[in-house]
Amino acid sequence: MRAVVWLVEGTWPACVDAVRVHAPHAREVVLLHVSGPEVPDVAHGAFAGLMGRGRAWEADPGDRLEALGDGSATELLDAAAARLGRPCVREERSGRPEREVVAAAEGADLLVLARDGDRTRLGPHSLGPAARFVVDHAPCPVLLVWPGEAPDLGTIPPPPHHR
C-alpha cells in the first residue's frame with residue numbers, strides 16, 4: 001500500500017496520526033507539502049510595478065518570501081516525519097495545491113487529508129474549496145479526517161422544508 005498524506009499548516013498532525021492508525025502497514029508513506037505561488041508572485045509583481053522591471057540591482061522581496069516558504073515547508077515535513085516515526089518519502093511541490101495533491105495521488109492506494117473549512121459544525125461547509133476539489137477528483141480512496149474533535153451530531157443543519 002502507498003499512502004499519500006497531504007500536510008497543511010495547522011491540520012497536519014491529525015493527518016499523520018490518521019495514517020499511523022488506518023494504514024500502519026503501508027509499504028510507502030509519502031508526506032506531501034504543496035506551496036502555492038500566490039504570496040511570492042504578488043511580491044514579485046508589486047516590486048516590478050513599483051520599482052520598474054529594469055531595476056535588477058534592487059532586492060526583489062518575492063525572492064525572500066520564496067526562501068522563507070521553502071524553509072517553513074522543510075520544517076513542517078521534518079516535524080511530520082518525526083511524528084510518523086517510521087521511514088517515509090518527503091515530497092515538496094509548488095503550484096495550485098488542489099491540483100498538485102490530485103497529481104501526487106496518482107497511483108496511490110490511499111490519500112489522507114484534513115477538513116479545511118468550518119470545523120465548528122458537521123456539514124458541507126467543513127470542506128473548503130481546495131479539499132472539496134481533492135475529494136471530488138482524487139484518483140484513489142480518500143481518508144478525510146477532522147483536525148481535532150469532530151462536532152457533535154446536533155450541529156448537522158436541519159433538513160430543508162418541503163412545500
TODO: Could you list the residues that satisfy side-chain contact (heavy atoms from CB on, under 4.5 Å) with E100, not counting sequence neighbours?
DONE: V34, R93
Open item on the list: Using 0.5 Å steps for rounding, measure from the CG atom of D17 to the CH2 atom of W12.
Closed with: 8.5 Å
- [ ] Please report the closest heavy-atom contact between P24 and R20, naming both atoms and the distance.
- [x] CB-O, 3.4 Å
Task: From CG (L31) to CZ (R83), nearest 0.5 Å - done: 12.0 Å
Open item on the list: I'd like to know if L7 and V89 are part of one continuous hydrophobic network [Ile/Leu/Val/Met/Phe/Trp/Tyr, side-chain heavy atoms within less than 4.5 Å].
Closed with: no
Open item on the list: For V145 and C15: C-alpha separation, side-chain torsions, deciding distance, then whether side chain to side chain contact (heavy atoms under 4.5 Å, CB included) applies.
Closed with: CA-CA 7 Å; V145 300; C15 294; 4.0 Å; yes
Task: Pairs touching residues 137-154 that satisfy side-chain hydrogen bond (donor to acceptor under 3.5 Å, both in side chains), sequence neighbours left out - done: none
Open item on the list: Run the side chain to side chain contact (heavy atoms under 4.5 Å, CB included) test on L153 and L122 for me, step by step, so that the C-alpha distance in whole Å, both residues' side-chain angles and the decisive distance to 0.1 Å come before the verdict.
Closed with: CA-CA 7 Å; L153 292 178; L122 299 171; 3.7 Å; yes
- [ ] Using the rule that two of Ile, Leu, Val, Met, Phe, Trp, Tyr join whenever any of their side-chain heavy atoms come within less than 4.5 Å, decide whether F133 and V4 are in one cluster.
- [x] yes
Open item on the list: When you compare the side chain of R27 with that of R2, does any pair of heavy atoms fall below 4.5 Å?
Closed with: yes
- [ ] Indicate if L84 and L32 have the same hydrophobic cluster label, given that clusters are the connected sets of ILVMFWY residues with side-chain heavy-atom separations under 4.5 angstrom.
- [x] no
I'd like a table of donor-acceptor pairs (distance under 3.5 Å, sequence neighbours excluded) in which one partner is a side-chain atom from residues 110-119, with atom names and distances.
from	atom 1	to	atom 2	distance (Å)
R115	NH1	S126	OG	2.5
D116	OD1	G128	N	2.4
D116	OD2	A131	N	3.3
D118	OD1	T120	N	2.9
D118	OD1	T120	OG1	2.5
D118	OD2	T120	OG1	3.4
D118	OD2	R121	NE	3.2

Open item on the list: Membership question, hydrophobic clusters at under 4.5 Å side-chain separation (ILVMFWY): are V29 and L76 in the same one?
Closed with: yes
- [ ] Find the distance between CD (E98) and CG (D136) and round it off to the nearest 0.5 Å.
- [x] 11.5 Å
- [ ] Would you give the length of the straight line joining atom OG of S35 to atom NE2 of H33, rounded to the nearest 0.5 angstrom?
- [x] 4.5 Å
Open item on the list: Testing the basics here: between A138 and V102, what is the closest heavy-atom pair and its distance to 0.1 Å?
Closed with: N-CG2, 4.4 Å
Task: Separation of D78 CG from R90 CZ (nearest 0.5 Å) - done: 4.5 Å
Task: Approximate separation, where rounding is to 0.5 Å, of C88 SG and L77 CG - done: 8.5 Å
Task: Worked check of side chain to side chain contact (heavy atoms under 4.5 Å, CB included) between V5 and V30 - done: CA-CA 6 Å; V5 185; V30 178; over 6 Å; no
